[in-house]
Number of protein chains: 2
Amino acid sequence: MSGEAIPGGRRHARHHAKPPAPIAQPRRASISPLTVKRLSLYLRCLEQLAEDGRATVSSQQLADALGLTAAQVRKDLGYFGQFGRRGVGYHVDDLVRRLRGIFGTDEVWNVAVVGVGSLGRALLGYKGFLKKGFRLAAAFDSAPGKIGRTFGGVTVRAMAHLPSAVKRQRLRLAILAVPVEAAQEVADAICDAGIKAILNFVPATLTVAEDIAVIPVDLAVQLEQLSYLVNAPAGGRRAR
Amino acid sequence: MSGEAIPGGRRHARHHAKPPAPIAQPRRASISPLTVKRLSLYLRCLEQLAEDGRATVSSQQLADALGLTAAQVRKDLGYFGQFGRRGVGYHVDDLVRRLRGIFGTDEVWNVAVVGVGSLGRALLGYKGFLKKGFRLAAAFDSAPGKIGRTFGGVTVRAMAHLPSAVKRQRLRLAILAVPVEAAQEVADAICDAGIKAILNFVPATLTVAEDIAVIPVDLAVQLEQLSYLVNAPAGGRRAR
DNA sequence: AACTGTGAAGCCATTCACAGCT
DNA sequence: AGCTGTGAATGGCTTCACAGTT
């Protein structure tokens, strides 16, 4: 009811490589979500390395830092181009730039926070997003008592203002943090307003159009994963 | 590098079914984390169905509600026992009970919140965890200004009290929400105190003993996944 | 000598398809 | 007839292993 059959479009004419590759954002061809998730971890790690002043890093070092294999690091990066230099490794600053290009976070994305309960407020107060290329730039709620109040420098507006804000502020991402009863209705409004992707903190499965991306973050589910692991007689531990 | 080589034991002499099967928590044999995650979603969905007064549900209906296939639902459940009745489906209340047994959440788990910044406070204020079997029962911080204050009915204590609280309150899970610089140090303290699993909100990879489970929840990473999907010229949308 | 990039192999997860209950 | 439980087939992700580059 959501992970629809993928269009499965034919695409991607493979033009053969160029040695170091010109700019970021090269070929594409439906990359696994697992790969994309690891890409985020590579980026986070590389940003740390850059801050520490490291110039280059090998796939093995990256793998060790994240609990992966060197081959996997190379393969993941290989889907997007040839970013390394044989015998040398990857240039940290360069790879950071390329990864940001892949995510689009070389430019700042404005993000809407919809639902300003305690979680929404906590997110508005977190200053770490900007460094990663995300600015929580607008907040919406339906409670009259919240509208007009300011959290983390952002003034809460009525839901009715969402569509115009989407255009004016070029909002493409929304963080959904409303009560579970309201979730689907609000999600519909968000999509109608022109938002392209939703980070869903609500413990409910949203039904949205095919071209809207949704990533669920259900904290109770995460705790359950943990209690399973602790409860399990045998079996694997999780990484990190 | 984490998902250790599996024992791979031969086991499970197939003793032919017992109609409804005795109690929950039957066989086990290193289940995929992906399966465990879906199990949480089944449970969430079933709890909703139970609230709505539904008596039975088929694998197809469950699959439709979550964007999966009926075969996958049956296979996932099949790892843990024979919970359904052919020709009928699954009894909702029964399956809820069995799934809770698998997660261990038929009893309430006390959880420690370590780091009472805005995110920690928001979590302490969220009342939805208890219904899922988790009680945020203790909070710790190192800032003198926070110690003694109460959030969501929980009084913040100094980190030094963690070890005794672990024993007294039988804390096995901790939510880590401290600043990134302190994360590894605090994680070490948490593990020393006897905590068995960590929900890690800090954007850093923790190094912990093999027998400690860690599940990372990096919100910037999640936003990056979304921006990738929106940025991507072609390719799949995510579910939910 | 060090290290990347990448086909091929291996492994794991999902889907298929159907036997077996109700 | 309806629906589960599960081997077998399929498909996808990861690891291997090595050619290629610095």
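Order of the sequence lines fixes the chain letters, A, B, ..., with proteins taken first and strands second; residue numbering starts at 1 for each chain.
Counting non-hydrogen atoms under 4.0 angstrom, A:R74 reaches a base of the nucleic acid.
In this structure, CG of A:L34 is placed 15 Å from P of C:dC12, rounded to the nearest angstrom. Rounded to whole angstrom, the span from the OH atom of A:Y42 across to the C1' atom of C:dT4 amounts to 14 Å. Distance NZ (B:K37) to P (C:dC12): 20 Å, rounded to an integer number of Å. Atom NZ of A:K75 is separated from atom C1' of C:dT4 by 12 Å (rounded to the nearest Å). The CD-P distance, from B:Q72 to D:dT10, rounds to 19 Å in whole Å. One atom, CG of A:L62, and another, P of C:dG5, lie 12 Å apart when rounded to the nearest Å. One can place OH of A:Y79 at 11 Å from P of C:dG7, the figure rounded to the nearest angstrom. The CG atom of B:D76 sits 13 Å away from the C1' atom of D:dG5 (whole-angstrom rounding).
B:T35 places no side-chain N or O within donor-acceptor distance of the main-chain N or O of B:D76, the cut-off being under 3.5 Å. Panel note: side chain B:E47, backbone B:V96; no donor-acceptor pair is recorded below 3.5 Å. A distance-only check finds no donor-acceptor pair linking the side chain of A:Q72 to the backbone of A:T69 [under 3.5 Å]. For the pair A:S58 (side chain) and A:G89 (backbone), a donor-acceptor distance under 3.5 Å is absent.
Residue order along DNA chain D, read from the 5' end via each residue's closest nucleotide, puts A:S32 first among A:A71 and A:S32. Nearest-nucleotide positions on DNA chain D place B:Q61 closer to the 5' end than the other of B:Q61 and A:R85. The 5' end of DNA chain C is approached more closely, in terms of each residue's nearest nucleotide, by A:S58 than by the other of B:V88 and A:S58.
Residue A:Y90 has a polar side-chain atom (N or O) positioned under 4.0 Å from OP1 or OP2 of C:dG5. At least one side-chain nitrogen or oxygen of B:Q82 sits closer than 4.0 Å to the OP1 or OP2 atom of D:dT6. Contact check, A:S59 against C:dT4: a side-chain N or O comes under 4.0 Å of OP1 or OP2. Residue B:R86 places no side-chain N or O under 4.0 Å from the OP1 or OP2 atom of C:dA19.
For B:T69, taking side-chain heavy atoms from C-beta onward, the closest of the listed nucleotides C:dA19, C:dT15, D:dA17 is C:dT15.
With respect to the salt-bridge test (charged N to carboxylate O, under 4.0 angstrom), the residues B:R98 and B:D94 qualify.
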